[in-house]
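Notes for the one structure printed next.
No hydrogens, no waters, no symmetry mates; every other heavy atom, side chains included, goes into these values.
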Amino acid sequence: MIIPTSYEELANYVENDNCVFFFTAEWCGDCVFIKPVMPEISEMYPDYKFIQVDRDEFIDLCGEWAIFGIPSFVVTSKGKEVARLVNKERKTKEQVITFLNDAIK
């Protein structure tokens with residue numbers, strides 16, 4: 001899991017790579033629930049970079065991308081959004097895998 005430190009770094013991933021952005025926060029109980037399985041999930045999709053985005057550190061990006069609930073996931077490919085799983089609900093490992101399988105095909 002890649003943890004970016006700047007907006008410039010995030011923009012580089014969006015523009016140049018196939019990515020799964022995982023929006024999270026330390027205080028979010030539902031994020032804490034799914035975070036331990038994220039390394040296992042990311043290994044299932046070696047052609048994608050998994051980017052962990054702290055909602056509080058990148059609040060402007062969350063507003064720009066309409067990320068109003070966490071944990072949330074946005075899949076991008078070479079600068080284009082492919083799919084999103086954005087809501088306030090707790091996500092299970094199975095739900096995330098199903099979403100990614102549908103999004104990445």
Side-chain angles (χ1 to χ4, degrees):
M1 187 82 58
I2 298 166
I3 301 174
T5 57
S6 69
Y7 280 96
E8 293 78 19
E9 184 180 359
L10 274 169
N12 186 52
Y13 290 123
V14 172
E15 293 169 9
N16 298 307
D17 297 306
N18 295 324
C19 297
V20 176
F21 291 89
F22 167 46
F23 290 87
T24 185
E26 289 183 26
W27 50 264
C28 169
D30 293 338
C31 300
V32 171
F33 174 79
I34 194 67
K35 196 178 285 188
V37 298
M38 289 307 299
E40 182 182 341
I41 292 172
S42 67
E43 288 176 9
M44 297 172 66
Y45 305 93
D47 294 336
Y48 281 76
K49 292 183 178 176
F50 279 68
I51 316 293
Q52 181 176 311
V53 181
D54 186 293
R55 174 218 173 265
D56 295 334
E57 289 181 33
F58 294 96
I59 193 73
D60 292 339
L61 176 70
C62 289
E64 208 175 294
W65 283 21
I67 306 295
F68 298 119
I70 53 174
S72 288
F73 298 86
V74 176
V75 179
T76 64
S77 180
K78 308 272 192 269
K80 304 277 187 202
E81 182 176 319
V82 176
R84 61 175 39 219
L85 178 59
V86 177
N87 59 43
K88 298 182 248 185
E89 298 172 9
R90 175 174 280 187
K91 282 109 181 136
T92 65
K93 176 182 172 183
E94 293 75 21
Q95 288 171 317
V96 174
I97 290 170
T98 298
F99 161 72
L100 291 173
N101 285 342
D102 290 344
I104 293 173
K105 297 178 185 173

- Query: Are Tyr13 and Leu100 joined in one hydrophobic group, where the rule is that I, L, V, M, F, W and Y side chains link up if heavy atoms are under 4.5 Å apart?
  - Reply: no
- Message: Quick check: do Pro4 and Ile51 have side-chain heavy atoms less than 4.5 Å from each other?
- Response: yes
- Query: Considering residues at least two apart in sequence or located in another chain, which fulfil the side chain to side chain contact (heavy atoms under 4.5 Å, CB included) criterion with Met44?
  - Reply: Ile97
- Which residue pairs pass the salt bridge (Lys or Arg N to Asp or Glu O under 4.0 Å) test with at least one member in residues 2-16, sequence neighbours excluded? none
- Message: Check for me, please, whether Tyr48 and Val53 land in the same ILVMFWY cluster - side-chain distances under 4.5 Å, paths through other members count.
- Response: no
- Quick one: ring pair (Phe, Tyr, Trp, His ring centres under 6.0 Å) pairs with a partner in residues 78-105, sequence neighbours left out? none
- Task: Any chance you could lay out the side chain to side chain contact (heavy atoms under 4.5 Å, CB included) test for Ile41 and Phe50, step after step, and finish with the verdict?
- Result: CA-CA 9 Å; Ile41 292 172; Phe50 279 68; 4.2 Å; yes
- Message: Using 0.5 Å steps for rounding, measure from the CE atom of Met1 to the CD atom of Gln52.
- Response: 5.5 Å
- Shortest non-hydrogen contact from Cys31 toward Pro71: SG-N, 3.6 Å
- Query: Glu81: what forms a side chain to side chain donor-acceptor pair (under 3.5 Å) with it, not counting sequence neighbours?
  - Reply: Arg84
- Message: Just to verify, what does Phe58 make a ring pair (Phe, Tyr, Trp, His ring centres under 6.0 Å) with, not counting sequence neighbours?
- Response: Tyr7
- Any ring pair (Phe, Tyr, Trp, His ring centres under 6.0 Å) involving residues 65-88? Give me the pairs, sequence neighbours left out, ordered by first then second residue. Phe21-Trp65, Phe22-Phe73, Phe23-Trp65
- Message: Are Ile34 and Val20 connected into the same hydrophobic cluster when the rule is that any two of I, L, V, M, F, W, Y join if their side-chain heavy atoms are below 4.5 Å apart?
- Response: yes
- Message: Restricting to side chain to side chain contact (heavy atoms under 4.5 Å, CB included), what partner residues turn up for Asn87, sequence neighbours left out?
- Response: Leu85, Glu89, Lys91
- Message: I need the full list of salt bridge (Lys or Arg N to Asp or Glu O under 4.0 Å) pairs touching residues 24-42, with sequence neighbours left out, sorted by first then second residue.
- Response: Asp30-Arg90, Glu40-Lys93
- Task: Apply the test side chain to side chain contact (heavy atoms under 4.5 Å, CB included) to residues Thr24 and Ile70: give CA-CA distance (whole Å), side-chain angles for both, the deciding distance (0.1 Å), then the verdict.
- Result: CA-CA 6 Å; Thr24 185; Ile70 53 174; 5.8 Å; no
- Message: I'd like to check the side chain to side chain donor-acceptor pair (under 3.5 Å) partners of Ser77; sequence neighbours left out, ordered by chain and number.
- Response: Asn18
- side chain to side chain donor-acceptor pair (under 3.5 Å) against Tyr45, all qualifying residues, sequence neighbours excluded: Asn101
- Pairs meeting criterion salt bridge (Lys or Arg N to Asp or Glu O under 4.0 Å) with involvement of residues 45-56, two or more places apart: Asp17-Lys49
